[in-house]
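Written below as structure tokens is the structure these notes are about.
Naming: A, B, ... by sequence-line order, numbering from 1 per chain.
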Amino acid sequence: MSEFRRQVILTIVTAVVAAAILTPVLFAVKLLLEAGLEFVFAGSVSFGLVLAYVLRRETMQ
Amino acid sequence: MDWELLFIIFIVAVALGFDFINGFHDAANSVATIVSTRVLSPGQAVVWAAFFNFVAAFGLGIHVANTIGKGVVETAVIDEKVILSALVGAITWDIITWRFGLPTSSSHALIGGLVGAAVASAGTDVVISSGVQKIGAFIVISPFVGFIAAVLLALALMRLYARVAPSTAQGVFRRLQLLSAAAYSIGHGTNDAQKTMGVIAVLLFSTGHLGNEFHVPLWVVLSAHAAIAGGTLFGGWRIVKTMGLRITKLEPSDGFAAEASSAAAILFATQVGIPVSTTQTIAGGIIGVGSTKRLSAVRWGVAINIVVAWFLTIPASAGVAALTFVAVDAF
């Protein structure tokens, strides 16, 4: 496979992966926002902090 | 032409000036990652961002403009003096933070200015608490959403590219970053220009120049987007350096993850009518991709300075706006 074709395929796959990651995140934010401002606030802050904690543990090793 | 109309035209010009400064101050964030990863030169990147700032005028609605116009303070108390004071408060704070290279939010400066001037004019009862609470909550929510989305995307990309040759990955992300920067500039253009549109529209509405129903005229939409795009063209290189280089070191894949995540978060907020800080959102995204390497890869001192400036913005701009209102009202 030529380098150009490989890059084109990877570009498409990457765009699909980005959509597959970002769409559920925003959908979750929308659901939380519909449930109430306090839910989206608590949900995003707590998940963000948990994520930061997990990253800290993983990247320290 | 009567003096009142001349005064309104002057305030519209000041509002567009604020939008221009917003472009100058905030839009640099649109190009920070693309410049720091050397996908485009600073000049090319600024033209790229300005073009997409303007393109954002078409087809993305005016939900944020409606929130600013009708959802922050009661329209009944808004007059020329309140809007002028709000703009002076916001512009003053923007210039101070630009001078110190702090990427604070022009949006929150404007909202703080509007609240401060309205309270100075008619007391605290005129503040629409549900609207201000929602905007206030998103000061914190939007960078967290940018952070979460960027972390998840960066981790997925790490896994996807684990066995891809670095030169191939480099080629892919250089192209994709052009798209993510364009998407971010569209998000920035629409969310931020709509704040100016909201201010101009509520001024025209409250002074009887817009008929019986609040709406945003097309000339306001186009002029607000032209002003922010013009500001972007002149760029704020000082802030580009803070965002793109001082928070963490960026690779093209990191730039793509940060920009794509931030663009998605900003466009989402725009569709649900929430004015968010585009600066805060991309800062969250950049910190997110930096954290996937090592938390120590993020220069937390710079990040903390930025956070402190965020929380000062609304009180500081509200204070300047209130003082300006007292001075203007005395005349």
Side-chain angles (χ1 to χ4, degrees), chain A, chain B residues 130 133-134 136-157 159-161 164-165 167-176 179-180 183 253 256-257 260-265 267-269 271-272 274 284 287-288 290-298:
Chain A
M1 194 187 293
S2 73
E3 177 64 16
F4 177 74
R5 183 173 287 187
R6 185 176 295 132
Q7 286 194 9
V8 170
I9 291 169
L10 268 173
T11 301
I12 294 166
V13 171
T14 307
V16 170
V17 167
I21 299 281
L22 298 177
T23 307
V25 170
L26 297 182
F27 188 67
V29 175
K30 186 173 185 293
L31 285 181
L32 288 169
L33 187 59
E34 284 168 1
L37 196 57
E38 60 275 26
F39 290 101
V40 70
F41 187 89
S44 58
V45 171
S46 55
F47 188 64
L49 292 176
V50 167
L51 207 52
Y53 174 72
V54 172
L55 284 172
R56 183 171 178 270
R57 265 189 22 183
E58 294 298 315
T59 56
M60 291 272 279
Q61 288 168 1
Chain B
S130 60
Q133 273 172 17
K134 190 182 265 189
F138 267 80
I139 289 178
V140 178
I141 294 167
S142 68
F144 267 98
V145 172
F147 172 83
I148 293 164
V151 167
L152 297 178
L153 183 54
L155 291 175
L157 294 180
R159 179 157 290 204
L160 183 64
Y161 281 82
V164 174
S167 60
T168 305
Q170 197 86 341
V172 169
F173 284 111
R174 289 176 77 85
R175 284 195 203 93
L176 280 171
L179 292 181
S180 60
S253 61
F256 169 74
S261 311
S262 312
L267 288 168
F268 166 79
Q271 286 310 303
V272 294
I274 299 172
I287 289 171
S291 302
T292 59
K293 313 280 189 254
R294 266 182 308 122
L295 276 187
S296 59
V298 178

Chain B contact via [X] - side chain, backbone, both or neither, heavy atoms under 4.5 Å:
X      : value
E3(A)  : side chain
V25(A) : side chain
L10(A) : both

Measuring from atom [atom1] of [X] to atom [atom2] of [Y], what distance do you get when rounded to the nearest 0.5 angstrom?
X       : Y       : atom1 : atom2 : answer
K30(A)  : L26(A)  : NZ    : CG    : 11.0 Å
K134(B) : I139(B) : NZ    : CD1   : 14.5 Å
L153(B) : I148(B) : CG    : CD1   : 13.5 Å
F27(A)  : F268(B) : CZ    : CZ    : 10.5 Å

Taking side chain as everything from C-beta outward and backbone as N, CA, C, O, which of these in [X] sits under 4.5 Å from a heavy atom of chain A? Side chain, backbone, both or neither.
X       : result
I141(B) : both
L157(B) : side chain
V172(B) : both
L152(B) : both
I274(B) : side chain

*Run the numbers on T11(A) and V8(A) for side chain to side chain contact (heavy atoms under 4.5 Å, CB included), then give the verdict.*
CA-CA 5 Å; T11(A) 301; V8(A) 170; 5.5 Å; no
*For Y161(B), ring pair (Phe, Tyr, Trp, His ring centres under 6.0 Å) partners two or more places apart*: F173(B)
*Check: S44(A) and F147(B) side chains under 4.5 Å, non-hydrogen atoms*: no
*Is R5(A) close to I9(A) at the side-chain level, that is, under 4.5 Å between some pair of heavy atoms?*
yes
*Look only at the side chain of T23(A) and the backbone of A20(A), and say whether a donor-acceptor pair between them is shorter than 3.5 Å.*
no
*Donor-acceptor contact present, side-chain S180(B) to main-chain A260(B), <3.5 Å*: no
*Under 4.5 Å, heavy atom to heavy atom: which of residues 32-40 of chain A reach chain B? Give them by number, or say none.*
L33(A), L37(A), V40(A)
